[in-house]
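Data block below; observations after.
All values derive from a computational prediction rather than experimental measurement. Hydrogens, waters and symmetry mates play no part in the numbers below; they use all other heavy atoms, side chains included. Just so we're on the same page: letters track the sequence lines, and every chain starts at 1.
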Number of protein chains: 2
Amino acid sequence: MADTTETGLPRAVAVAWGMQETPQRGPSRGLSHERIVAAAMEIADADGLSAVTMQAVAKSLGFTTMSLYRYVSGKDELLRLMGDAGAQLPEKVRLSPDWRQALRQWASLLREAWRTHSWLLEIPRGQASVLMPNSVRIADLGLAAMVSLPLSRDEKIGIILVVSQHVASMVELELSLADEGELRVSEEGVDQLREVITEKRFPHVAPLVQTGEYVPGAAPPPGPGDAAEAPAEDVEAEYDFGLDLLIAGLEIRIQAASSTS
Amino acid sequence: MADTTETGLPRAVAVAWGMQETPQRGPSRGLSHERIVAAAMEIADADGLSAVTMQAVAKSLGFTTMSLYRYVSGKDELLRLMGDAGAQLPEKVRLSPDWRQALRQWASLLREAWRTHSWLLEIPRGQASVLMPNSVRIADLGLAAMVSLPLSRDEKIGIILVVSQHVASMVELELSLADEGELRVSEEGVDQLREVITEKRFPHVAPLVQTGEYVPGAAPPPGPGDAAEAPAEDVEAEYDFGLDLLIAGLEIRIQAASSTS
DNA sequence: ACCTGAACACCGTTCAAGT
DNA sequence: ACCTGAACACCGTTCAAGT
């Protein structure tokens with residue numbers, strides 16, 4: 001379990017909200033959580049989350065590794081603080097009065113945040129993370145998008161969960177296509193797959209492997225005409241598709257609710 | 001990028017399908033990827049994925065750490081193999097002819113797999129993982145559930161993606177509640193939160209903090225009557241809610257498609 | 001109060017050597 | 001071909017010491 005303050009709140013929560021008493025006496029060479037978190041984020045943006053080590057962060061600030069421990073209880077806490085700091089939405093947001101539109105806006109804001117700091121997706125969002133400032137902000141805005149809806153609180157929270165999860169998975173997909181996209185499977189490789197992914201064992205996938213459609217980095221099949229299609233580049237379409245599905249489902253639920261009451 | 005064979009296929013894919021030529025000459029004390037992966041899974045089941053170190057795996061098998069590198073190119077490959085081996089569905093599955101039912105069954109199978117090996121969720125599912133045997137099986141079964149549906153291939157894959165992501169997030173939620181569930185926020189802690197989560201800054205969340213509803217480990221408010229409710233234990237309800245939403249949305253889409261054609 | 005230096009117990013991975 | 005031993009370059013974190 002994560003270490004907590006005497007109030008039962010996780011230390012990261014207390015620090016993020018500025019609840020921590022920082023006595024400030026004696027000389028201070030100017031280190032602070034803010035500076036530490038900012039430095040860590042810069043490293044993560046540049047070289048990925050795995051490049052964020054206590055030593056690297058300290059070095060980039062011109063301090064020794066151990067100096068960090070005065071401001072941050074450990075790496076875990078640093079990651080939590082980074083996770084929150086990165087998930088910052090714009091200060092002022094004007095949501096559409098139409099809930100469908102508003103929900104789409106909200107999803108889009110989340111998406112933007114995750115896109116700018118892709119390492120956010122790697123940081124485990126534990127139970128306590130909902131208490132962090134920017135998570136609260138995100139939840140608040142999500143609820144704001146749905147104010148007009150005749151749904152229970154639990155249902156609204158359910159939607160926030162499902163939608164944000166969908167957005168996260170789409171950003172993840174987008175990124176995996178982008179940076180691991182050098183996967184190039186040769187014709188020989190596809191042949192090998194054809195031998196193991198047989199019609200008998202995998203009746204529905206096998207046909208797609210035959211044509212090569214199913215294999216990420218394979219050359220497109222020499223089909224007549226429509227060969228030059230981006231095979232999976234359209235994450236955009238998948239993103240919209242899932243969101244549309246959820247909103248459509250919600251619409252039905254609301255109609256059902258209003259016709260009953 | 002992950003190391004690949006000369007065919008362009010990731011090594012983990014080749015190994016998992018048994019495409020790797022294993023010459024087998026000279027003495028063999030009986031190590032193999034199968035045994036290594038099995039040992040690693042056992043450790044992960046018992047003590048979590050973080051306990052899976054090359055040294056721990058080797059030790060549990062009675063070999064030195066370095067012996068593993070003859071069978072596995074590195075830890076990354078070991079994790080990929082574990083990820084696939086853990087995502088095994090039952091041999092024979094009888095899907096309902098009703099697609100809604102079938103999709104629910106499929107989701108439920110996924111859920112069961114992730115529940116039995118919760119560390120699966122921590123293993124990054126890269127682009128190449130769709131080529132692993134059990135991923136192919138899962139995709140095949142998902143497509144099987146939707147055979148009767150008048151949807152494009154891309155749409156079906158979209159559904160597989162969205163639904164499986166929803167299932168994953170629900171299992172994740174379930175687990176985070178279970179093992180980090182010792183989070184107990186004292187009344188003083190809730191008070192501190194009330195001071196920062198103000199009505200002004202967070203108009204929609206603030207009321208929920210006032211009552212204490214929003215705070216995971218807080219004591220339930222002394223409301224009249226319905227106080228003794230499990231606050232978030234019903235992941236089951238959230239699970240169904242999201243799935244229902246998606247299926248309802250899909251239903252509409254199908255109606256639209258069939259009325260157009 | 002704040003920062004440093006040395007040390008500890010780990011990681012994953014390499015390389016040359018044994019049988 | 002298979003496994004070992006020693007070594008390397010890292011991790012996060014501790015503790016006692018300096019100013």
When you get a sec, tell me which of [options] is the closest nucleotide to the side chain of [X]?
X	options	value
A/Leu31	C/dT14, D/dT14, C/dC3	C/dC3
A/Arg70	C/dC2, D/dT14, C/dT13	C/dC2
B/Met54	C/dG12, D/dG12, D/dC3	C/dG12

With distance as the sole test, does [X] use its side chain to make a donor-acceptor pair with the main-chain N or O of [Y] at under 3.5 Å?
X	Y	answer
B/Ser135	B/Leu131	no
A/Thr116	A/Ala113	yes
B/Tyr214	A/Val136	no

(message) Going by side chain to side chain donor-acceptor pair (under 3.5 Å), name the residues that satisfy it together with B/Asp191, two or more places apart in sequence or in a different chain.
(response)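 Applying side chain to side chain donor-acceptor pair (under 3.5 Å) to B/Asp191 gives B/Arg194.
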
(request) Output, in order, the C-alpha distance, side-chain angles, deciding distance and verdict of salt bridge (charged side-chain N to carboxylate O under 4.0 Å, His left out) for B/Arg80 and B/Asp76. (result) CA-CA 6 Å; B/Arg80 287 173 195 251; B/Asp76 190 72; 3.0 Å; yes

Grab the [atom1]-[atom2] distance between [X] and [N] for me, whole Å please.
X	N	atom1	atom2	result
B/Leu68	C/dC11	CG	C1'	14 Å
A/Arg35	C/dC2	CZ	P	14 Å
A/Lys59	D/dC11	NZ	P	10 Å
B/Tyr69	C/dC15	OH	C1'	13 Å

Polar atom pairs between nucleotides 4-8 of chain C and protein, under 3.5 Å, N or O only, would you list them?
{"unit_1": "C/dT4", "atom_1": "OP2", "unit_2": "A/Thr64", "atom_2": "N", "d": "3.0"}
{"unit_1": "C/dT4", "atom_1": "OP2", "unit_2": "A/Thr64", "atom_2": "OG1", "d": "2.6"}

(message) Please determine whether the number of non-hydrogen atoms from other residues, nucleotides or ligands lying under 6.0 Å from atom CD of B/Glu34 exceeds 12.
(response)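 Check passes, neighbour count above 12.
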
(message) Are more than 12 heavy atoms, taken from residues, nucleotides or ligands other than A/Glu42, located less than 6.0 Å from that residue's CD atom?
(response)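 No, the 6.0 Å shell around CD holds no more than 12 heavy atoms from other groups.
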
(request) Please determine if a side-chain N or O atom of A/Gln55 lies less than 4.0 Å away from the OP1 or OP2 oxygen of D/dG12. (result)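 So the side-chain polar atoms of A/Gln55 do come within 4.0 Å of the phosphate oxygens OP1 or OP2 of D/dG12, strictly under.
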
(request) Using only side-chain N and O atoms of B/Tyr71, determine if any of them is under 4.0 Å from OP1 or OP2 of D/dC3. (result)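 Indeed, a polar side-chain atom of B/Tyr71 lies that close.
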
(request) May I ask you to test the A/Val93-A/Trp106 pair for a side-chain heavy-atom distance under 4.5 Å? (result)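 Side-chain contact under 4.5 Å: no.
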
(message) Stem list for DNA chain C, please, built from Watson-Crick and G-U wobble pairs under 3.5 Å and keeping only runs of at least 3.
(response)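 Counting only runs of 3 or more consecutive pairs, the stems involving DNA chain C are C:4-8 with D:12-16, C:12-16 with D:4-8.
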
(request) Could you tell me the separation between the CG atom of A/Leu143 and the CZ atom of B/Phe202, rounded to the nearest 0.5 Å? (result)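 Nearest 0.5 Å value for the CG-CZ distance: 12.0 Å.
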
